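Step one of this worksheet: look at the structure below.
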Protein chains: 2
Amino acid sequence: MRLDPASPADLSVQIASAIRDAIVAGELIVDQRLPSEAELSEQFKVSRPTVREALKRLAAQSLIRTQRGATGGAFVNRISFEEAYSQQITTSTLLLSMNAVSFETACEARYALERACAPLSAARRSADHLATMRAEIHRQGQPGLTDEAFCASDVAFHRALVDGAGNPVMSYQLAGAVEAMQPLMNMITFTARDRARIVAMHSDIADAMTEQDGPAVEAGLTVLERETQQLALNAIAARQAQKTSAR
Amino acid sequence: MRLDPASPADLSVQIASAIRDAIVAGELIVDQRLPSEAELSEQFKVSRPTVREALKRLAAQSLIRTQRGATGGAFVNRISFEEAYSQQITTSTLLLSMNAVSFETACEARYALERACAPLSAARRSADHLATMRAEIHRQGQPGLTDEAFCASDVAFHRALVDGAGNPVMSYQLAGAVEAMQPLMNMITFTARDRARIVAMHSDIADAMTEQDGPAVEAGLTVLERETQQLALNAIAARQAQKTSAR
DNA sequence: TGCGAATTTAATGTCAGACATTTAAAAACG
DNA sequence: CGTTTTTAAATGTCTGACATTAAATTCGCA
């Protein structure tokens, strides 16, 4: 690991890159301990705070973890699926909220990807997944549920569907697509009638899952997508009307 | 933004979380300037280096960017799709390589998600996307191409297919699935005959794209998935045999 | 001899203050 | 009025110190 003295980038950025490259290239193995901060600062010919800033950057990406104490130090981290999930979700959420992605685009992507899970999930889902889906459907039917809680339950329902495929890589990739939609969904107000329709569609999907009928699950998702898009259009129209009348 | 004095976490972690939450909650708008490091250190009652470590964490996630000079400081960053792409790819790649994800699982996820793009991409692809696909197919047929270059071209081909859907959210979500497979694919040795078969399959897919025949694209991808899985099995078997004979 | 408690030690976490560097705005000057 | 110089404010980096943590070691005692 060496630095490019001609590089215009800040030292801490360069050091972080050098270590990251070493990890990605496999020169540093999982659970291997990095040299101590003092050693690194000597090796790179920089001060300890600079090394620390570099290490913090890597820690933020879960590439390393640090431990205090006598045998402590920075260790190459095995990125767990859970950590990767949550990173994926925050990045996706911010990406959508900051880039004025239309509801339509995000929704289309989400349902397209979710349909990709349908055949696998229908074939492999466990009783647990079915139970989760049914439980969330039941919750969604309860009166007095806030819109936010309804959306959260919706997300849980869809996650169960995705997880049913039993493919952790797929669950990971979809985590962002499903969860990042939640803030967008929260802008919709669901009337009692809307909810009833959605619950009915969820039931259809759960039924198809129970019977391991992949195509039926796909069809159910397509119907649900159309409904969701329509609800969003109505919500946007309502907001427009409100704005006009306020003038 | 305040800290929880009872929290066991390190100060810099707490400060980073507080600022991150403020950004995610929308209290800090894109391009808004954060207080200077000196002000933050006073506000949080910590030293400047501690604040800096927190800011570096956020910078690593592209949540903020910093600028030097008189009007400089830390600014809330608009995460671009490109930045999100590259983050997605490194995280996905490490996740796969560190967690002993089987080729089968990763490959299944990738092709399932890619098939989800097929109908949209077949309908919407531009001439540009088609040209890219054809160009990559041509490159793949060139003799003397290294296995790595072949894989890289394969990735470019698939990205064109995904981008053809014209849905940036989908392209983003799939970037990880497609690119992270490359290291796994690099472990396979492609014989001339293997390559010829793959090129033929790519041609079939490109033909279907040209005719905007979504189902045919899906079918082509399914065939390609089967072929890829088979090649991987052979590669693993070959490796096993080598190991046995070495004893 | 064996075991528990106290001590040592090596590492990260935090702090304080200083200087270097960069950049834009303000001031001076022709 | 335009150009150049100066100034100021911010981040980037350095030095050196102390605090905290947790494992390893030593010591005391049964």
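The chains referred to below are lettered A, B, ... by the order of the sequence lines, with proteins before strands, and numbering in each begins at 1. Here the structure is a predicted model, which means the values were calculated and not measured.
- In this model, no donor atom of one side chain and acceptor atom of the other lie less than 3.5 Å apart for Thr105(A) and Asn167(B).
- In this entry the distance linking CD of Glu42(A) with P of dC14(D) reads 14 Å, nearest Å.
- Protein atom CD of Glu53(A) is 16 Å distant from nucleotide atom P of dT12(C), rounded to whole Å.
- Rounded to whole angstrom, the span from the CG atom of Asp10(A) across to the P atom of dC14(D) amounts to 11 Å.
- Within a 6.0 Å radius of CD in Gln142(B), more than 12 heavy atoms belonging to other residues, nucleotides or ligands are found.
- Each of dT12(C), dA11(C), dA9(D) was ranked by its minimum atom distance to the side chain of Arg33(A); first place goes to dA11(C).
- The aromatic rings of Phe81(A) and Tyr172(A) lie perpendicular to each other, with more than 60° between the two planes, well past the 30° mark.
- Taking atom CD of residue Glu37(A) and atom P of nucleotide dC14(D), one finds them 14 Å apart after rounding to whole Å.
- In this structure, the CZ atom of Arg52(A) is 17 Å from the P atom of dG12(D), given to the nearest Å.
- Taking a cutoff of 4.0 Å between a charged side-chain nitrogen and a carboxylate oxygen, Arg65(A) and Asp31(A) qualify as a salt bridge.
- Remark: C1' of dG12(D) and CZ of Arg48(A) are 18 Å apart, rounded to the nearest angstrom.
- Which of dG12(D), dC15(C), dT12(C) sits closest to the side chain of Ser36(A) comes down to dT12(C).
- For the pair Thr71(B) and dA9(D), the criterion of a side-chain N or O lying under 4.0 Å from OP1 or OP2 is not met.
- Atoms NZ (Lys45(A)) and P (dG12(D)) sit 24 Å apart, rounded to a whole Å.
- In this structure, of dT13(D), dC15(C), dA24(C), it is dC15(C) that holds the atom nearest to the side chain of Thr50(B).
- Within residues 61-68 of chain B, the residues that place at least one heavy atom under 4.0 Å from DNA chain C are, in residue-number order, Arg68(B).
- The shortest heavy-atom contact between Leu145(A) and Arg139(A) is CD2-O, 3.5 Å.
- Leu55(A) places its CG atom 16 Å from the C1' atom of dT14(C), with the value rounded to the nearest Å.
- With hydrogens and angles ignored, the 3.5 Å screen pairs no side-chain donor or acceptor of Glu37(B) with any backbone N or O of Arg48(B).
- Between Arg57(B) and Asp10(B), no side-chain nitrogen of the basic residue sits less than 4.0 Å from a carboxylate oxygen of the acidic one, so the salt-bridge criterion is not met.
- Side-chain nitrogen and oxygen atoms of Ser47(B) include at least one within less than 4.0 Å of the OP1 or OP2 phosphate oxygen of dC15(C).
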